[in-house]
Amino acid sequence: MLRDSKAFSGFSVNDIPKAKQFYGGTLGLEVSENHGLLKLHLAGGATVLIYPKPNHTAATFTILNFPVHDIEQAVDRLTNSGVRFERYEGQLKTDGKGIFRGGGPLIAWFKDPAGNILSVIEEQ
């Protein structure tokens, strides 16, 4: 029944103007706003809806992954744009840049202004 439906994902934030600045300005994504909602227009034609929620609680899991060809370069560029990468200890130990190198693809996590977790992940 939904096979041909162009599904999309969405998540909440507590401040739409801050989210618009972060996703459009800091990350450089195409962002549109309509009726107080944001749409991220991602490569390949996908869209993600960002909606305001006054009692927003940040996601405790990665809500959006950005594949990159060179994670070192991506982390450096984002860091220079003001993005702060998460540092983890234990099973998911990250290095000084915030990159997880413990097996599988190289990945680095960061948060949006609402505390939602995002990542850059190296494609091989």
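Everything numeric here is computed off the predicted structure, so don't read it as measured data.
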Leu29 reachable from Ile121 in the ILVMFWY side-chain graph, under 4.5 Å edges:
no
Please check if Tyr23 and Leu37 belong to a single hydrophobic cluster, counting links between Ile, Leu, Val, Met, Phe, Trp and Tyr side chain heavy atoms closer than 4.5 Å.
no
Locate the shortest heavy-atom distance separating Ile71 from Ala108; write the atom from each residue and the value.
CD1-N, 3.7 Å
For a 4.5 angstrom cut-off between non-hydrogen side-chain atoms, does Val120 reach Leu78?
yes
Heavy atoms of Arg84 and Glu86 approach each other most closely as NH2-OE2, 3.4 Å
Count the heavy atoms belonging to other residues, nucleotides or ligands that lie under 6.0 Å from OH of Tyr88, then report whether that count exceeds 12.
yes
So CG of Asp112 and CG of Leu64: to nearest 0.5 Å the spacing works out to 9.5 Å
Interatomic distance, OH@Tyr51 vs CZ@Phe11, rounded to 0.5 Å, equals 9.0 Å
Side chains of Leu118 and Thr62 in contact at under 4.5 Å (non-hydrogen atoms):
no
Answer yes or no: is there a side-chain heavy-atom contact under 4.5 Å between Val13 and Ile16?
yes
Mark yes when over 12 heavy atoms from residues, nucleotides or ligands other than Arg101 sit less than 6.0 Å from its CZ; otherwise mark no.
yes
Establish whether Val48 and Phe61 are linked, either directly or via other cluster members, by ILVMFWY side-chain heavy-atom contacts under 4.5 Å.
yes
Spatial distance of atom CD1 (Ile107) from atom CD (Glu122) [nearest 0.5 Å]:
11.0 Å
Linked, directly or transitively: Phe110 and Leu92 (ILVMFWY side chains, under 4.5 Å)
no
Residues Trp109 and Ser119: closest non-hydrogen pair is CD1-CB, 3.7 Å
Can you tell me if His56 uses its side chain to pair, donor with acceptor, with the backbone of Ser12 under 3.5 Å?
yes
Smallest heavy-atom separation, Pro67 atom then Asn65 atom, equals CD-O, 3.4 Å
More than 12 non-hydrogen atoms from neighbouring residues, nucleotides or ligands closer than 6.0 Å to NZ on Lys97, yes or no?
yes
Distance, nearest 0.5 Å, that separates CG of Asp15 from NZ of Lys53:
16.0 Å
Measure across Ala114 and Asn14 and return the closest heavy-atom pair with its distance rounded to 0.1 Å.
CB-OD1, 3.6 Å
Rounded distance [0.5 Å steps], CG in Asp95 versus CZ in Arg87:
7.5 Å
Heavy atoms, side chains only, cut-off 4.5 Å: are Ile99 and Thr94 in contact?
no
Nearest non-hydrogen partners of Pro52 and Gly36, listed with the distance
CD-O, 3.5 Å
Rounded to the nearest 0.5 Å, what's the gap from OG on Ser81 to CZ on Phe22? Could you check?
9.5 Å
Any non-hydrogen side-chain atom of Thr47 less than 4.5 Å from a side-chain atom of Leu40?
no
Can you find a heavy atom in the side chain of Thr79 that is under 4.5 Å from one in the side chain of Val75?
yes
Counting heavy atoms not belonging to Glu123, are there more than 12 under 6.0 Å from its CD?
yes
Applying the 4.5 Å side-chain criterion to the ILVMFWY set and letting contacts propagate, would Ile117 and Ile50 be lumped into a single cluster?
no
